[in-house]
Number of protein chains: 2
Amino acid sequence: MPAAPAADPLVDALVQASFATMAVLTKAAADADLSLTQLRVLAILRDRRLRMTALADYLGLEKSTMSGLVDRAEKRGLLARAPNPDDGRAVDVLITVAGAEVADRGAAEVARALAPLTGALPPADRRRLTDLLVRMIGTPLA
Amino acid sequence: MPAAPAADPLVDALVQASFATMAVLTKAAADADLSLTQLRVLAILRDRRLRMTALADYLGLEKSTMSGLVDRAEKRGLLARAPNPDDGRAVDVLITVAGAEVADRGAAEVARALAPLTGALPPADRRRLTDLLVRMIGTPLA
DNA sequence: TATTGTTATACTCTATAACTATA
DNA sequence: TATAGTTATAGAGTATAACAATA
């Protein structure tokens, strides 16, 4: 009998695939001199304008953490703060033109770096995997 | 035409699923008062004894980073250092009984917390997804 | 009073560079 | 000389707590 709890093969595969994917994403971010979180923020703001709190909730971070992240990205000219027109307390965060360019290059690099992984499967299997992942993600976490 | 590069549906699904999985793993680690990296180290050493360098390579970290990680885990009684019998320069890292217990509880918590995600699919789809992920991961990265 | 965001503080994670000890 | 590991240092990411401004 194994000392460790019996493993669920799907859990194992999902965790391993996630670590492999995160390694690729982290590397792609580092190539752009960004942390994974920074690249993620840029990707999220690529086509949205969000308040600090909404962004923090989206990422599962504390608002004080968001302040630091936005501070650093703002200093680099990738993001900008703007007052929220409807709530005097709120601060909107926007991506700059330079930030959008970095986000686009990052997304392209992610797709390129992930290709050896995703491209390993024949087209029919790629479609099946995509469908299964989408259906799995679609289920909200408890 | 979209301003952002055209997205690959599989890349998108994989990235989203990975972030969702990482969020669960990070939360499970935090519940045990560990960082994700610490929990991962414990999981790796659950049934192995590795030298510092091997561990660092495995995790994709610098050796100095490993020193810090092992220092903190050792201080908490979760890991221990031992001289390598074959190489006077090398240091082996071992998991302690307390560390193994924490690792087991963490693994169980990960499986439990991931259940809403993995359990969303019927058994046949779970098997298909597992198979596809395993085949995808099996391909070494470029 | 409650919410939004910032600031102060502390700790972990991470890397680079310089160092010691062994091979 | 080359490799294994530690230490010093620095910066980013993260959280908690206290605070100011607005609702």
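Below, all heavy atoms of this structure are taken into account, side chains as well, without hydrogens, waters or symmetry copies. Lettering of chains follows the sequences in order, A, B, ..., and the numbering in each one begins at 1.
Of all heavy-atom pairs spanning G106(B) and L39(B), the tightest one is CA-CD1, 4.2 Å. Among all heavy-atom pairs drawn from P85(B) and R49(B), the shortest one is CD-NH2, 4.4 Å. Taking every heavy atom of both residues into account, L42(B) and G99(B) meet most closely at CD1-O, 4.1 Å. Among all heavy-atom pairs drawn from A13(B) and I137(A), the shortest one is O-CD1, 3.4 Å.
Atom pair M52(A):CE and dT14(D):C1' shows a separation of 14 Å (rounding to whole Å applied). At whole-Å resolution of the value, CZ in R51(A) and C1' in dA23(D) are 11 Å apart. Atom CD of Q38(A) is separated from atom C1' of dT14(D) by 13 Å (rounded to the nearest Å).
Taking the C1' atoms of five terminal pairs at each end of the helix from dT1(C)-dA23(D) to dA23(C)-dT1(D), the two resulting helix axes are inclined by 0°, rounded to 10°.
Residue pairs meeting the side chain to side chain donor-acceptor pair (under 3.5 Å) criterion with at least one member in residues 68-87 of chain B, sequence neighbours excluded: D71(B)-R81(B), E74(B)-R81(B), N84(B)-D92(B), D87(B)-R89(B). A salt bridge (Lys or Arg N to Asp or Glu O under 4.0 Å) check over residues 9-23 of chain B, counting only residues at least two apart or in different chains, returns nothing.
The stretch residues 70-92 of chain A comes close to DNA chain D through R72(A), D87(A), G88(A), R89(A), each having a heavy atom under 4.0 Å from the strand. Of all the residues in residues 53-65 of chain A, T53(A), K63(A), S64(A) reach under 4.0 Å from DNA chain C with at least one non-hydrogen atom.
When DNA chain C is scanned in the 5' to 3' direction for atoms under 4.0 Å from non-hydrogen atoms of chain B, the outermost contacting nucleotides are dT12(C) to dA23(C).
The pair R128(A)-D125(A) meets the salt-bridge criterion, with a side-chain N (NZ, NE, NH1 or NH2) lying under 4.0 Å from an Asp/Glu carboxylate O. Contact check on D31(A) versus K27(A) returns a salt bridge, with a Lys/Arg side-chain nitrogen under 4.0 Å from an Asp/Glu carboxylate oxygen.
A donor-acceptor distance shorter than 3.5 angstrom exists from the side chain of T96(B) to the backbone of G77(B), with no hydrogens or angles considered. Looking only at distances, no side-chain donor or acceptor of R46(B) sits under 3.5 Å from a matching main-chain atom of D104(B). Judged by distance alone, the side chain of R48(A) and the main-chain N or O of I44(A) form a donor-acceptor pair under 3.5 Å. Checked by atom type and distance alone, the side chain of T65(A) never pairs as donor or acceptor with a backbone atom of L61(A) at under 3.5 Å. Proximity of a side-chain donor or acceptor of R135(B) to a complementary backbone N or O of L121(A) within less than 3.5 Å is not detected.
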